[in-house]
Peer 1: 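Provided herewith is a single structure, encoded as structure tokens, for subsequent inquiry.
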2 protein chains.
Amino acid sequence: MAGRECSIANALAVVGERWSLLALREVMFGERRFDQIARNTGASRDILAARLRKLVEAGVLEKRQYEQHPPRYEYVPTEAGKALQPILMNLMEWGDRYVTEGPPPTVWEHTCGAELPSCTPRRCARAAASRSAASGSYEWAGFSRTVGDP
Amino acid sequence: MAGRECSIANALAVVGERWSLLALREVMFGERRFDQIARNTGASRDILAARLRKLVEAGVLEKRQYEQHPPRYEYVPTEAGKALQPILMNLMEWGDRYVTEGPPPTVWEHTCGAELPSCTPRRCARAAASRSAASGSYEWAGFSRTVGDP
DNA sequence: GTGCTAAGTTGGAATTAAGGACGTACTAGG
DNA sequence: CCTAGTACGTCCTTAATTCCAACTTAGCAC
């Protein structure tokens, strides 16, 4: 037990469990409600509830009530949550390059036309293509992403 | 089950399990042998063996024999493994900022004296300080890291 | 009343991890 | 020869987690 004292380990204690980063991905993609996150990640509802609670306790997400009767909540990223976005982007690029077979399921690019280097922070990004079936668009923290058929 | 088709999910299928990224951290820190990785991560030996096998199968690490009699192996990063380094660095920075209390356990800086922005790839980096008890130094893929008392 | 959506909770089965002992193979010391 | 120590795992038993489906609560629409 124990292991080296290290901020990587500390970070993983917060976001390193299964489904945590995928839940965060959904929030980043604009899906902020429990059922949407559950559907899009494929996580069990009980585990997802536990992960979201933990992320809220850790200050990565904030639970915000968007309806009084009946009470309904959505999850929005805090500053710490937003700071994880580059990590998710890098992870996606790594997955594109070394794991995913075929073309990347989602591609981001600058709305300004510049190419998107593997560097953070990124601003002015827009999803150019997606093999995902869902449609919609979303903007957050300087990012803009569109999902849909070309 | 199922969930969105996404390279983040694909990446996490390879490196998202508990201990995988910490094992990779050790390899990145220059600890490439089973016992060292086990000690420094705190993982159970059987689980660690399973993770390392998986990482080798996924092409992230390579198992290299460094001794014939008795056969002894060490784990070295492949190109895919090296490509994960920026992600670990970003995760460490995120942990430093939002999780770890007190000063960062490990600090990297450019050997050229320039400050180290939160951007990849990094070259010419050197660990300036560490609260870790262990001593030693290590260089890999343009990084140089020193662990020890100032 | 029936069905639908949303955001979870509950209970029981299945899976995974923890922790330590053990095996094998070699080296060093007495 | 006998004992220790190092290295790299595997095996076994117990403990903790996760999965899955069903259920709850609360309101709205028909």
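It should be emphasised that the depicted structure is a prediction, and the values quoted were computed from it without experimental measurement. FYI, side chains are in, hydrogens and waters are out, and symmetry mates aren't considered; it's all heavy atoms of this structure. Chain identifiers are assigned alphabetically (A, B, ...) following the order of the sequence lines, protein sequences preceding nucleic acid strands; residue numbering begins at 1 within each chain.
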Peer 1: How about B:Glu67: does its CD atom have over 12 heavy atoms from other parts shown lying under 6.0 Å from it?
Peer 2: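 Yes, enclosed.
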Peer 1: Please list, by residue number, the residues of residues 62-71 of chain A whose heavy atoms come closer than 4.0 Å to an atom of DNA chain D; answer none if no residue qualifies.
Peer 2: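 Residues of residues 62-71 of chain A under 4.0 Å from DNA chain D: A:His69, A:Pro70.
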Peer 1: If I take atom CZ from residue B:Arg32 and atom CD from residue B:Glu62, how far apart are they, to the nearest 0.5 angstrom?
Peer 2: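 With rounding to 0.5 Å, CZ (B:Arg32) is 10.5 Å from CD (B:Glu62).
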Peer 1: Could you tell me if B:Glu79 and A:Tyr98 have a donor-acceptor pair between their side chains, going purely by distance under 3.5 Å?
Peer 2: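 Side chains of A:Tyr98 and B:Glu79: pair found under 3.5 Å.
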Peer 1: Output the rounded distance in Å from CZ (B:Arg32) to C1' (D:dA7).
Peer 2: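 It works out to 18 Å between those atoms.
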Peer 1: Rounded off to whole Å, could you give me the CG-to-P distance for the B:Leu22 and C:dA17 pair?
Peer 2: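 It works out to 14 Å between those atoms.
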Peer 1: Between C1' on C:dG8 and CZ on A:Arg39, what's the gap in Å once rounded to a whole number?
Peer 2: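 Interatomic distance, CZ of A:Arg39 to C1' of C:dG8: 14 Å.
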Peer 1: Measure the distance from CG on A:Asp46 to C1' on D:dT24 and round it to the nearest whole Å.
Peer 2: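 Computing the A:Asp46:CG to D:dT24:C1' distance gives 15 Å.
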Peer 1: Flag this pair as yes if the NZ/CZ of A:Arg4 is under 6.0 angstrom from the six-membered ring centre of B:Phe29 and inside a 45 degree cone about the axis; otherwise no.
Peer 2: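 Judged by the rule (NZ or CZ under 6.0 Å from the ring centre, within 45° of its axis), A:Arg4 is not positioned above B:Phe29.
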Peer 1: Quick one: is B:Tyr75 getting a side-chain N or O under 4.0 Å of the D:dA7 phosphate, OP1 or OP2?
Peer 2: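 No.
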Peer 1: What is the separation between atom CD1 on A:Ile47 and atom P on D:dA16, rounded to the nearest whole Å?
Peer 2: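 Those two atoms, CD1 and P, are 16 Å apart.
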Peer 1: Please give, in whole Å, the distance from C:dA7 P to A:Arg53 CZ?
Peer 2: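 Rounded to whole Å, this separation is 15 Å.
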Peer 1: Go through the N and O atoms of the side chain of A:Arg72 and the base of C:dA7, and report whether any donor-acceptor pair is under 3.5 Å.
Peer 2: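 By the distance-only test, no, there is no pair.
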Peer 1: Would you confirm whether A:Ser44, through its side chain, and A:Asp46, through its main-chain N or O, come within 3.5 Å as a donor-acceptor pair?
Peer 2: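 No: the side chain of A:Ser44 does not pair with the backbone of A:Asp46.
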Peer 1: How do A:Asp35 and B:Trp19 order along DNA chain C: which one's closest nucleotide is nearer the 5' end?
Peer 2: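 Closest to the 5' end, via its nearest nucleotide, is A:Asp35.
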Peer 1: When you measure from the side chain of A:Ala49, which nucleotide among D:dC8, C:dT9, D:dT10 comes out closest?
Peer 2: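 Output: C:dT9.
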Peer 1: Got a salt bridge between B:Glu17 and B:Lys54, using NZ or NE/NH1/NH2 to carboxylate O under 4.0 Å?
Peer 2: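 Yes, this pair counts.
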Peer 1: So which heavy atom on B:Tyr75 is nearest to which on B:Lys63, and how close?
Peer 2: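 For B:Tyr75 versus B:Lys63, the nearest heavy atoms are OH-CE, 3.6 Å.
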Peer 1: Less than 4.0 angstrom between a side-chain N/O of B:Arg45 and OP1 or OP2 of D:dC12, yes or no?
Peer 2: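 Checking B:Arg45 against D:dC12: no side-chain N or O falls below 4.0 Å of OP1 or OP2.
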Peer 1: Please state how far atom CD1 in B:Ile37 lies from atom P in D:dA7, giving the value in whole angstrom units.
Peer 2: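 Spelled out: CD1 on B:Ile37 to P on D:dA7 is 13 Å.
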Peer 1: According to a 4.5 Å side-chain heavy-atom criterion applied to Ile, Leu, Val, Met, Phe, Trp and Tyr, with indirect links allowed, do A:Val56 and A:Val60 form part of one hydrophobic cluster?
Peer 2: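 Same cluster: A:Val56 reaches A:Val60 through Ile, Leu, Val, Met, Phe, Trp or Tyr contacts under 4.5 Å.
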Peer 1: Rounded off to whole Å, could you give me the CZ-to-C1' distance for the A:Arg51 and C:dA7 pair?
Peer 2: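 My rounded result for the distance is 18 Å.
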Peer 1: Nearest 0.5 Å, what's the CD-CD1 distance between A:Glu31 and A:Ile37?
Peer 2: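 One gets 8.5 Å once the value is rounded to the nearest 0.5 Å.
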Peer 1: Listed in order of residue number, which residues of residues 6-18 of chain B have a non-hydrogen atom at under 4.0 Å from DNA chain D?
Peer 2: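 None, since no heavy atom is under 4.0 Å.
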Peer 1: Is any side-chain N or O of B:Tyr73 closer than 4.0 Å to OP1 or OP2 of C:dA25?
Peer 2: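 For B:Tyr73, the contact criterion (side-chain N or O under 4.0 Å from OP1 or OP2 of C:dA25) is not met.
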